[in-house]
Amino acid sequence: MNVMQGHKDSVSVSPQAKTELIQILSFLDDFSDELEDTIDLFAPNPYFRMTLHLIRGHFEAKIVTPTSLIAASRVPYATANRRLKEMVEEGLIEQRPRTSSGKSFSLHPSEALLDQWVQLSGRIRRLGEAQFATEETRETKDYFFGGSYMAAQSIPPLQVLGEPIKAAGGVRVLVHGDPTFMVMDTLKRQFEHVIGTQINQRAFSIDRLREEAMRNAQRKSSRYDIIAVDLPWIGGFAENGVLMPLDEAMDIARLDPADFHTAGWKAAHWGGRCYGVPAQTTPELLFYRKDLFAEAGIEPPTTTRQLLKAAEIFHDPRRDRYGIAWNAARGTALGHTVLMTMADFGQPIIDLPRIAGGFETDDLAERAYHATIDTEAGLHAAEFLMDLMRFSPPDILSMSWYERVRPYAAGRIAMAYGYTLLAPYFELDESSPACGNTGYLPHPAGPDASPVAPVGGYIMGIPANLPKERVRAAVEALIVFTSPEAQKLFVQNGSRTNPRYSVGADPEVRRTSDIFEAIDTMSWRDELQFWPRPPVPEICDIIQICGEEFHDMLRGIVSPRDALRQAQARADAVIQKNGPK
């Protein structure tokens, strides 16, 4: 779908903070009017008046030109022009060309000016509170807008590019229609303001996204400059020439690779080369109702046995209350559950070499692997899924990505497996019983296995058939969309995914949700792993196979052993058909 065009708010602050920043601007503007109108000797301060106009234009994503800025100064043209040049020379104002000739340009506050302004605004707010606050307002003064920007680990506001991106027709992006990418859609005007050109975004469901990406690869020239790619697709897309290796288009160091969660960054590689930038790192976790567990006097589950016991305690179908929800719809949805459940019992879906903390995936491009489904661990996983059925809602066999979280958000279910990107369905809904009452855990582990938080999410990559004249624009847009500043902006507007350590450590990000601290803790404990869904070229077929055979098992058509045997045979045939490189 094409999203609206135009300009909007362009600084990476939350809606509440943005409102208060503009309130301070309005207050200072009105206060200056009062001073200048009341005392004849008070003359307008051109630096201050131009700064007010420039900052407001930045927050509201409105184009500021030299003419409009000089007009806002309220002093004679020659005086204002000199003051404007001084502010440019001092590095407070940045100029960005609006035409190819460079004769016309827009004006933007520099990072230094924005930094100084946020600090000034914070001081003004605190001074006002100290002088005029009542006891009631003092009780709530811990939060003040802009406060997080003064913390040591704070990420600065998103800055406009010094040179606008040049791409005929604007930057064209293909994404998945999930909450995080829809936040990007909502913020489109802000990003257009930042990169200086139009953004055209199309969003599809996961299966249609893959079909469109593959169809696009067959075209002579790509219709998209950037495409979102689900992590398990990396190997197949790399092998089939769908994606361009990023080292052919840019200096990878510009992305600051060390800032990405290790599992997410490794998942973006195939055959030792990087094929995209993590845009979402969203592990699948166990969501559980902290208040219900506290009332029942039981600890959150860390093992599969404890999970089943807790699900049994909370399961009460007569009151329309159920123990747990999960992906059990036939095909892709259940197939993912099968792979992740096998990981809960310590086994990947293909025979990966075991290493400290998990399994090795660096040599997958050599294609020396086979399926490992019909095994003892596979049987334990299958039996566990059969046990889960006993404490699941009656429509569990048609539940997929969103259906499993909606009843959890409604308070009908005590626990749910879900990606963090789905957390906004209850975290941002104050009417949800789960809002403020949800805890986050890695998957509880089976006997002799360790807890794992299987990493999902998307990278953003550049199509291999993108015309050369558009590659530079795609690179610059890609860097902006995946930057810490952009990722923080996504979080502040409702996203619950984050691929970067720096964003998870940001104080304002931490205040939005407990989920970010939980994910960072899992990452440091080496529980974030992407080996449960290894990105081999055959993975989509294997997921589909497991989703079909295990669905028949859950419906009682075949036994667990028969489901394992049939899934193994079909997966072996797919891998054998592809053969070694």
Side-chain angles (χ1 to χ4, degrees), residues 3 7-15 17-18 58-59 61 108 111 114 148-149 153-165 167 170-176 178-201 203 225-229 246 250 254-257 259-261 264-265 268 276-282 420-421 424 457-462 473-510 512-513 516:
V3 289
H7 295 290
K8 200 176 177 182
D9 308 298
S10 60
V11 63
S12 58
V13 297
S14 65
K18 181 165 49 186
H58 182 75
F59 290 161
H108 307 270
E111 183 174 349
L114 274 176
S148 66
Y149 293 123
Q153 295 178 305
S154 172
I155 294 171
L158 191 64
Q159 296 292 299
V160 296
L161 297 181
E163 180 181 340
I165 288 176
V171 175
R172 305 166 303 195
V173 188
L174 175 67
V175 299
H176 180 228
D178 61 48
T180 294
F181 283 124
M182 290 304 94
V183 166
M184 183 175 174
D185 181 54
T186 303
L187 299 172
K188 174 183 176 290
R189 290 183 177 181
Q190 300 181 37
F191 280 97
E192 286 183 332
H193 187 62
V194 168
I195 68 175
T197 192
Q198 178 184 349
I199 299 172
N200 297 303
Q201 179 170 302
D225 300 296
I226 297 171
I227 59 175
V229 179
L246 282 190
M250 65 178 296
R254 294 184 65 192
L255 300 169
D256 190 11
D259 189 33
F260 291 99
H261 285 289
W265 180 249
V277 189
Q280 296 183 27
T281 297
T282 175
T420 61
L421 68 84
Y458 290 83
I459 66 164
M460 298 185 85
I462 299 175
V475 167
E476 297 306 319
L478 186 63
I479 292 173
V480 170
F481 297 158
T482 59
S483 67
E485 295 84 0
Q487 293 296 329
K488 178 177 177 179
L489 184 57
F490 295 153
V491 170
Q492 290 172 319
N493 284 271
S495 170
R496 292 298 179 262
T497 71
N498 165 42
R500 290 181 176 270
Y501 290 112
S502 62
V503 178
D506 184 278
E508 192 164 2
V509 167
R510 291 272 183 156
T512 62
S513 172
F516 296 107

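In this chain, residues are counted from 1 in sequence order.
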### Message
So which atom in Leu161 and which in Ile195 form the shortest heavy-atom distance, rounded to 0.1 Å?
### Response
CD1-CA, 3.9 Å

#### Entry: Closest heavy-atom pair and its distance - Trp265, Gly276
CZ3-O, 4.5 Å

### Message
Within this structure, what is the CG-CD distance for the pair Leu187 and Gln492, rounded to the nearest 0.5 Å?
### Response
9.5 Å

### Task
Compare all side-chain heavy atoms of Met250 with those of Glu476 and state whether any distance is below 4.5 angstrom.
no

### Summary
Across all chains, not counting sequence neighbours, the side-chain contact (heavy atoms from CB on, under 4.5 Å) partners of Ser495 are Thr180, Phe490, Thr497

### Query
Does the side chain of Leu158 come within less than 4.5 Å of Phe191's, by heavy atoms?
yes

### Task
Please test Arg500 against Glu485 for salt bridge (Lys or Arg N to Asp or Glu O under 4.0 Å), starting from the C-alpha separation and ending with a verdict.
CA-CA 11 Å; Arg500 290 181 176 270; Glu485 295 84 0; over 6 Å; no

### Message
Run the side chain to side chain donor-acceptor pair (under 3.5 Å) test against Asp256 and tell me which residues pass, sequence neighbours left out.
### Response
none

## Note on the structure
Across all chains, not counting sequence neighbours, the side chain to side chain donor-acceptor pair (under 3.5 Å) partners of Thr197 are none

#### Entry: Those residues that, when tested against Gln487, pass side chain to side chain donor-acceptor pair (under 3.5 Å) (two or more places apart)
none

### Message
Nearest 0.5 angstrom please: Asp506 CG to Lys488 NZ, how far?
### Response
3.5 Å

### Task
Could you tell me which residues satisfy side chain to side chain donor-acceptor pair (under 3.5 Å) with Thr420, sequence neighbours excluded, listed by chain and number?
Thr282

### Query
With side chains defined as the heavy atoms from C-beta onward, is the minimum distance between Met460 and Ile227 less than 4.5 Å?
no

### Query
Taking atom OG of Ser513 and atom CG of Asn498, what is their separation to the nearest 0.5 Å?
11.0 Å

### Query
Who pairs with Asp225 by salt bridge (Lys or Arg N to Asp or Glu O under 4.0 Å), at least two apart in sequence or on another chain?
Arg172, Arg470

### Message
Could you check whether Arg510 makes a cation-pi contact with Phe516, meaning its NZ or CZ is under 6.0 Å from the centre of the six-membered ring and within 45° of the ring axis?
### Response
no

#### Entry: Residues which pass side-chain contact (heavy atoms from CB on, under 4.5 Å) with Pro424, listed by chain and number, not counting sequence neighbours
Leu428, Arg496

#### Entry: Val194 vs Gln159 side-chain heavy atoms within contact, under 4.5 Å
no

### Task
May I ask you to test the Gln198-Val171 pair for a side-chain heavy-atom distance under 4.5 Å?
no

### Query
Can you list the residues that meet the ring pair (Phe, Tyr, Trp, His ring centres under 6.0 Å) rule with Tyr501, with sequence neighbours excluded?
His261, Trp524

### Task
First locate atom OG1 of Thr281, then atom CG of Leu421, and finally report the distance between them rounded to the nearest 0.5 Å.
11.0 Å

### Pro278 side chain near Gln280 side chain, heavy-atom distance below 4.5 Å
no

### Task
Could you pull out the closest heavy-atom pair between Ile459 and Ala268, with the gap in Å?
CG2-CB, 3.8 Å

### Query
Are side-chain heavy atoms of Ile462 and Val475 found at a separation under 4.5 Å?
yes

#### Entry: Test side-chain contact (heavy atoms from CB on, under 4.5 Å) applied to Ile199 and Val173, step by step
CA-CA 7 Å; Ile199 299 172; Val173 188; 4.3 Å; yes

### Query
What is the minimum heavy-atom distance between Asp259 and Pro484, and which atoms define it?
OD2-CG, 4.0 Å

### Query
With side chains defined as the heavy atoms from C-beta onward, is the minimum distance between Leu255 and Leu246 less than 4.5 Å?
yes

### For Ala228, all residues meeting side-chain contact (heavy atoms from CB on, under 4.5 Å), sequence neighbours excluded
Val175, Phe181, Tyr458

